[in-house]
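Please read the structure below before turning to the comments.
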There are 2 protein chains.
Amino acid sequence: MLDQIYDLLKQYDLRMTPQRKAILEILYNCRGHHLETENIYQLLSIGPDKKRKAGIATVYRTMEMFEKVGLVSRLSMEDSPSRYELVLPQEINHHHLICLKCGRVQELDDVLTEEFKKIILENKNFVVTAKPIKIFGYCDGCSQKCNSIDDFKMKIGSGFNV
Amino acid sequence: MLDQIYDLLKQYDLRMTPQRKAILEILYNCRGHHLETENIYQLLSIGPDKKRKAGIATVYRTMEMFEKVGLVSRLSMEDSPSRYELVLPQEINHHHLICLKCGRVQELDDVLTEEFKKIILENKNFVVTAKPIKIFGYCDGCSQKCNSIDDFKMKIGSGFNV
DNA sequence: CTCGGTGCAAAGATTTTGCATTATT
DNA sequence: AATAATGCAAAATCTTTGCACCGAG
């Protein structure tokens, strides 16, 4: 894997460094999770050799670069820090179902994804990018439960008319 | 309209204040735009009576509350402040196509929206909420143009294998 | 050897919070 | 009168940046 990433970076005149390697390793080991920058930063200090392997600024800079280059997908949940996940090639163009209750992230598979893109292109002349679409709602397990409004004060009113 | 909103707030033991009225008025006058908190704050000072009608903290608190109550939809573009738009009842459940190039926001109509929700529920057992889905890509006018990677360094590589 | 990368600490930007005061109900 | 809301300024949070030094190619 490193070889291909190395080549990818080379295309952009970017260098492979120990810090970048360490971050990639973390991302790879955490496939399927969306890590906050802070998580990554902390994980950088708990390897075999207990010394921190990159500064927080480097983590930010690296994640920004990785995103631009397409190596990771960024997920920004409102009101919280950005989170990143390594984009494995077979996952390019997958989109996310994000549970508002438990935070679980499921991915839409290619068939649905392509279908969506086609429908939107046909109807709106809008080209959907590889940037993951975030679809919020309630997952299987949580779908009977309350939503964020409940947490605020009480049960939701059923709308109103202007 | 104020009456229904007043009732809605009453359900949650929330009060109608001059500040909230002023903010609602701005949101109403700017239907179709997603305003940043800062925009709203500034607009609050340029009415007929030139004095500021609410502090920035009040704007933040008000928008948070309006969102929880379902009065506005929040759109958070990555790397920039949250933006809000009044949710008119007939627009509940509309979703957004957001152009990465020019920032234009189009809405998906009910038919597409319902179709999407149905497909996702059938396939994934996932209940999509009223929370607007943000679909990123390139609008009609911009779809031939470059994307953010181009802005970064140069043309995109066509992917890589792990 | 060159130029991109790093670490640190300072600065920025956005948002939240504590608290005394004000105003809605 | 009770309690929610406000304004202000301070603080918190997340992220970016300047700069001197380091190290990959």
Side-chain angles (χ1 to χ4, degrees), chain A residues 2-3 5-24 26 34-42 44-45 51-69 71-72 74-84 151-154, chain B residues 2-3 5-24 34-42 44-45 51-69 71-72 74-84 148 151-154:
Chain A
L2 272 182
D3 282 349
I5 294 180
Y6 188 96
D7 288 345
L8 176 72
L9 296 186
K10 207 156 59 177
Q11 286 180 46
Y12 296 97
D13 279 314
L14 299 166
R15 293 173 183 174
M16 180 59 82
T17 65
Q19 290 86 343
R20 293 178 179 174
K21 266 186 201 146
I23 292 174
L24 282 170
I26 288 170
H34 286 79
L35 302 180
E36 295 185 5
T37 310
E38 186 61 27
N39 300 147
I40 297 171
Y41 178 60
Q42 283 167 8
L44 281 168
S45 62
K51 65 184 203 320
R52 179 134 288 149
K53 299 184 199 71
I56 188 72
T58 297
V59 180
Y60 276 105
R61 280 186 287 229
T62 301
M63 297 319 292
E64 185 193 358
M65 182 273 276
F66 280 177
E67 191 196 9
K68 285 178 173 155
V69 143
L71 261 176
V72 300
R74 174 200 293 219
L75 185 66
S76 32
M77 296 284 277
E78 341 220 283
D79 296 332
S80 45
S82 294
R83 302 188 329 197
Y84 299 89
D151 299 335
F152 185 53
K153 281 248 166 161
M154 39 180 282
Chain B
L2 273 181
D3 283 350
I5 295 180
Y6 187 97
D7 289 346
L8 176 71
L9 296 187
K10 207 154 62 179
Q11 286 181 46
Y12 296 96
D13 279 313
L14 299 167
R15 294 172 182 177
M16 179 57 81
T17 66
Q19 291 87 342
R20 292 177 180 177
K21 267 187 201 146
I23 291 174
L24 282 170
H34 286 80
L35 301 180
E36 295 185 5
T37 310
E38 186 61 27
N39 300 147
I40 296 170
Y41 178 60
Q42 285 168 6
L44 281 168
S45 62
K51 65 185 202 323
R52 180 136 288 151
K53 300 184 199 70
I56 189 73
T58 297
V59 180
Y60 275 105
R61 281 186 285 230
T62 302
M63 298 318 295
E64 185 192 358
M65 182 273 276
F66 280 177
E67 191 195 10
K68 283 176 173 157
V69 142
L71 261 177
V72 300
R74 175 201 291 221
L75 184 67
S76 33
M77 295 285 275
E78 342 221 279
D79 296 332
S80 46
S82 293
R83 303 187 328 196
Y84 299 90
S148 64
D151 299 335
F152 185 52
K153 281 250 168 164
M154 41 182 279

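We name chains A, B, ... by the order of the sequence lines, and we start the count at 1 in each one.
Closest non-hydrogen pair, B:Y84 versus B:V72, comes out as CD2-CG2, 3.7 Å. Heavy-atom minimum distance, A:V59 versus A:I23: CA-CD1, 4.2 Å. Scanning all heavy atoms of the two residues, the minimum distance from A:K53 to A:Q19 falls at O-CG, 3.2 Å. Taking both residues in full, the closest heavy atoms of B:I56 and B:Y41 are given as N-CE1, 3.3 Å, listed atom of the first, atom of the second, then distance.
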Collect all protein-nucleotide pairs involving nucleotides 18-21 of chain D in which both atoms are nitrogen or oxygen and the distance is under 3.5 Å.
residue, atom, partner, partner atom, Å
D:dG18, O6, A:R61, NH1, 3.3

Restricting to nitrogen or oxygen on both sides, can you table the protein-nucleotides 22-25 of chain D pairs closer than 3.5 Å?
residue, atom, partner, partner atom, Å
D:dG23, N2, A:R15, NH1, 2.6
D:dA24, O3', A:M16, O, 3.3
D:dA24, N3, A:R15, NH1, 3.4
D:dG25, OP1, A:Y6, OH, 3.1

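Checked against C:dG7, D:dT15, D:dT6, the side chain of A:P81 finds its nearest nucleotide in D:dT15.
Taking 4.0 angstrom as the limit, B:T58 places none of its side-chain polar atoms (N or O) nearer than this to OP1 or OP2 of D:dA5. Between D:dA5 and B:T62, no contact under 4.0 Å exists linking OP1 or OP2 to a side-chain N or O. Neither OP1 nor OP2 of C:dA23 sits under 4.0 Å from any side-chain N or O of B:Q19. Of the side-chain N and O atoms in A:R20, none sit less than 4.0 angstrom from OP1 or OP2 of C:dG4.
Interatomic distance, A:Y12 OH to A:K68 NZ, rounded to the nearest 0.5 Å: 12.0 Å.
At whole-Å resolution of the value, NZ in A:K21 and P in C:dG5 are 14 Å apart. Protein atom CE of A:M63 is 16 Å distant from nucleotide atom C1' of C:dG5, rounded to whole Å. Computed from coordinates, the A:E38 CD to D:dT15 C1' distance equals 12 Å when rounded to whole Å. Distance A:I56 CD1 to C:dA11 C1': 16 Å, rounded to the nearest Å. Taking atom OH on B:Y41 and atom P on D:dT6, their separation rounds to 14 Å, with Å as the unit. The distance between atom NZ of A:K68 and atom C1' of D:dT15, rounded to the nearest whole Å, is 13 Å. When the C1' atom of D:dA5 is taken as reference, atom OH of B:Y12 falls 19 Å away, rounded to whole Å. Following rounding to the nearest Å, A:E67 (CD) and D:dT15 (P) show an atom-to-atom distance of 11 Å.
The main-chain N or O of B:R15 is found under 3.5 Å from a side-chain atom of B:R20 such that the two form a donor-acceptor pair.
Between B:Y60 and A:V59, the one whose closest nucleotide on DNA chain C sits nearer the 5' end is A:V59.
Considering only residues two or more places apart in sequence or on other chains, B:E36 meets the side-chain contact (heavy atoms from CB on, under 4.5 Å) condition with B:N39, B:P81, B:R83.
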